[in-house]
Amino acid sequence: MPEKIKIVVNEDRCYLCGGCAGVCPTLAIEVHSSGWEFLQDKCISCKICVNACPVGALSAEPLEVKA
Amino acid sequence: MSWKYDVVVVGAGIAGPIVARNVARAGFSVLLIDKKWAIGTPKQCAEGISIKVFEKYDIPYDKRFINREIYGAKLYSPSGYELEMRYKDVSGVILERKVFDKMLAYYAAKAGADVLARTEALDVIRKDGKVVGIKAKHEDEPVEIYADVIVAADGVESTIARKAGINTYAPPHEFDSSYEYEMLIEGFDPDLIHLWFGNEIAPRGYVWVFPKDEDRANVGIGINSDNPQTAKYYLDKWLKENNIPAKKLLEINVGVVPVGGFVKELVKDNVLVVGDAARQVNPMHGGGMAEAMEAGTIASKWIVKALEEENLSLLQNYTKEWWETDGKRLEKVLKVRRVTEKLTDEDLDLFIQILSGADAEKIAGGDYGEVIKALLKHPKVLLSSRRIKLLKELL
Ligand SMILES: Cc1cc2nc3c(=O)[nH]c(=O)nc-3n(C[C@H](O)[C@H](O)[C@H](O)COP(=O)(O)OP(=O)(O)OC[C@H]3O[C@@H](n4cnc5c(N)ncnc54)[C@H](O)[C@@H]3O)c2cc1C
Ligand code: SF4
Ligand code: SF4
């Protein structure tokens, strides 16, 4: 199992192009006309979206697990 | 709010408006929605398209969305060998997609379709396990759109088809990441499109200059989407290395393009998927407008038949017909892409060098067999069993 992550967007870089939503295997990203949204419970931590973003607006951060 | 239509089409790019127009022309009620508040804007495209599509898909040749007529292409190898293919007649055009997409939606509306901008599909509505409509939002107002047939033409995101249970997943290697400036640029023949190849220049893809004016062009790049570097990194590097100032930028365009992974089952019950959403793009050059028009045409034909004969199982014929025609063609193109992906920079240099000396007319005519034959004749190719093997795979 890969390390559990959350995906974070840099809104100043993001163009809302929808590409990350398109490559995400589990529909864990939604790109609305009003903004970018990440759905943690669907994410499988594959990081496909991070590489695919044409401008590098996405990064993966370790998910803090509450004790 | 709740509406009822015969057909609802999600996405007013290229595929969506073609479907909506054709279905409306046959007299059925259609609603075409797009989440954009201005259809066509922003563009995510280099805007190049073959001249043939206007007649083929019954689209007016309207100067309002044609920036420039193009007479061919020029290819550049990593060390700078050039191959020019110039035709006597116009071979393609560089569109203004902001106007083009809006006009396609306008043609759909004129044919009788309703069109709603800033209307985002959020999910499908199910009743007894069957998809009966789309849950959407117009501005901030929730709407339920009921329809007998649902068309997912929502581009690369392809969320609606997936929510309806159609598998549109493709692995990351089957996508290109793209980045583009619409900018002022000088020194390139504005009657040709220009393409640069090389593993250091644009891994798996190419850099393009598509002229919209004598001194204005879409200058962009596509690379494999599983590349750890960004498309932006490679484009900026190329501009810098070629001393092209990027100081007059009119637009920045970003997008991800499917280049393989064509969806197998294009229909599930009463839901159809078309265009980028169905990964129906030419995997060699990443052009998908003509493919979206073709798929939209086939899909609309079967939607009309199914509604006329009140037999929704006829929709399955869209999958069948697409795979027997354009699907078959694109599968072949995908094979070529997979072979060209293995070419080294030396291969690219050699091949472009050989072809620029070969029978230019036949090559410009797109005689594919002739291209491979010309390459196979050359001693530097004949002496390399690896190159022969690659080329034989292409035949
Ligand atoms: C940088 C770049 C350059 C390109 N250059 C070329 C080129 O030169 N020539 C060429 O032929 N092709 C090119 N392409 C590919 C081409 O743009 C696409 O193949 C084509 O636009 C596909 O049309 P479509 O109708 O399937 O999807 P799109 O044109 O992407 O349209 C989909 C529409 O659906 C809307 N939508 C998405 N989700 C929802 C939702 N939930 N609710 C409502 N609306 C929604 C979107 O807003 C969009 O308007 C390029 C692509 C990129 C990224
Ligand atoms: S791919 Fe990048 S630019 Fe495009 S919507 Fe996702 S984060 Fe934004
Ligand atoms: S890491 Fe994988 S599953 Fe999570 S959002 Fe990115 S692409 Fe989707």
Side-chain angles (χ1 to χ4, degrees), chain A, chain B residues 11 34-38 42 44 117-123 137 139-140 154-160 162-163 167-180 220-236 251-258 261 276-277 279:
Chain A
M1 266 291 280
E3 180 198 14
K4 264 286 199 195
I5 53 161
K6 68 173 176 199
I7 298 296
V8 184
V9 70
N10 178 342
E11 281 168 4
D12 292 327
R13 269 198 208 171
C14 173
Y15 284 85
L16 299 178
C17 75
C20 50
V23 295
C24 175
T26 59
L27 295 172
I29 296 175
E30 291 185 358
V31 180
H32 311 287
S33 52
S34 52
W36 185 96
E37 191 185 351
F38 175 60
L39 309 172
Q40 182 71 63
D41 56 324
K42 290 190 178 170
C43 177
I44 54 166
S45 306
C46 68
K47 298 188 192 170
I48 287 173
C49 55
V50 176
N51 276 336
C53 174
V55 293
L58 297 180
S59 47
E61 286 181 5
L63 191 64
E64 299 132 44
V65 195
K66 282 191 198 119
Chain B
D34 201 292
K35 67 180 177 179
K36 292 178 172 172
W37 49 78
Q44 297 173 275
R118 206 167 193 190
T119 305
E120 182 174 330
L122 302 170
D123 207 343
K137 195 172 69 175
E139 296 177 331
D140 62 346
D154 50 344
V156 67
E157 289 164 65
S158 195
T159 44
I160 291 308
R162 286 193 273 174
K163 286 187 175 174
N167 181 10
T168 70
Y169 173 77
H173 195 62
E174 306 300 320
F175 291 89
D176 269 0
S177 291
S178 288
Y179 187 74
E180 173 182 86
I221 193 169
I223 64 167
N224 55 314
S225 97
D226 50 350
N227 193 298
Q229 274 297 356
T230 64
K232 175 182 168 59
Y233 163 83
Y234 276 104
L235 183 64
D236 287 341
E251 287 192 16
I252 298 171
N253 307 125
V254 178
V256 169
V257 192
D276 276 16
R279 316 318 187 189

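The chains referred to below are lettered A, B, ... by the order of the sequence lines, with proteins before strands, and numbering in each begins at 1.
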Query - For chain B, which residues of residues 54-61 of chain A have heavy atoms nearer than 4.5 angstrom - result: P54(A), V55(A), G56(A)
Query raised in the report: Between atom CD of E120(B) and atom CG of D123(B), what is the distance when rounded to the nearest 0.5 Å?
Result: 11.5 Å
Query - Donor-acceptor under 3.5 Å (T26(A) side chain, K42(A) main chain) - result: yes
Query - Interface moiety of V31(A) toward chain B, non-hydrogen atoms closer than 4.5 Å - result: both
Query raised in the report: Can you tell me if D154(B) uses its side chain to pair, donor with acceptor, with the backbone of I160(B) under 3.5 Å?
Result: yes
Query - Interface residue of largest heavy-atom contact number with chain A, from F175(B), Y179(B), Y234(B), under 4.5 Å - result: F175(B)
Query raised in the report: Is the shortest side-chain N to carboxylate O distance from E30(A) to K35(B) below 4.0 Å?
Result: no
Requested in this report: Return the option, out of P25(A), C49(A), C20(A), with the maximum number of heavy-atom pairs under 4.5 Å with chain B.
Outcome: P25(A)
**Report entry** Residue among L27(A), I29(A), V50(A) with most heavy-atom pairs under 4.5 Å to chain B
**Finding:** L27(A)
Query raised in the report: Where the side chain of T168(B) meets the backbone of R162(B), is there a donor-acceptor pair that is under 3.5 Å apart?
Result: no
Query raised in the report: Under a 4.5 Å heavy-atom cut-off, does chain A meet the side chain of I252(B), its backbone, both or neither?
Result: both
Query raised in the report: Taking all atoms of both residues into account, what is the closest heavy-atom pair of G261(B) and A170(B), and its distance?
Result: CA-CB, 4.1 Å
Requested in this report: Please tell me if the side chains of R279(B) and V156(B) come closer than 4.5 Å, counting only heavy atoms from C-beta onward.
Outcome: yes
Query - Option in T159(B), N227(B), I223(B) with maximal non-hydrogen atom pairs under 4.5 Å from chain A - result: N227(B)
Report summary line: Residues at least two apart in sequence or cross-chain that pass salt bridge (Lys or Arg N to Asp or Glu O under 4.0 Å) with K232(B), listed by chain then number, are D236(B)
Query raised in the report: Got E251(B) and P42(B) here, is their nearest side-chain heavy-atom distance under 4.5 Å?
Result: no
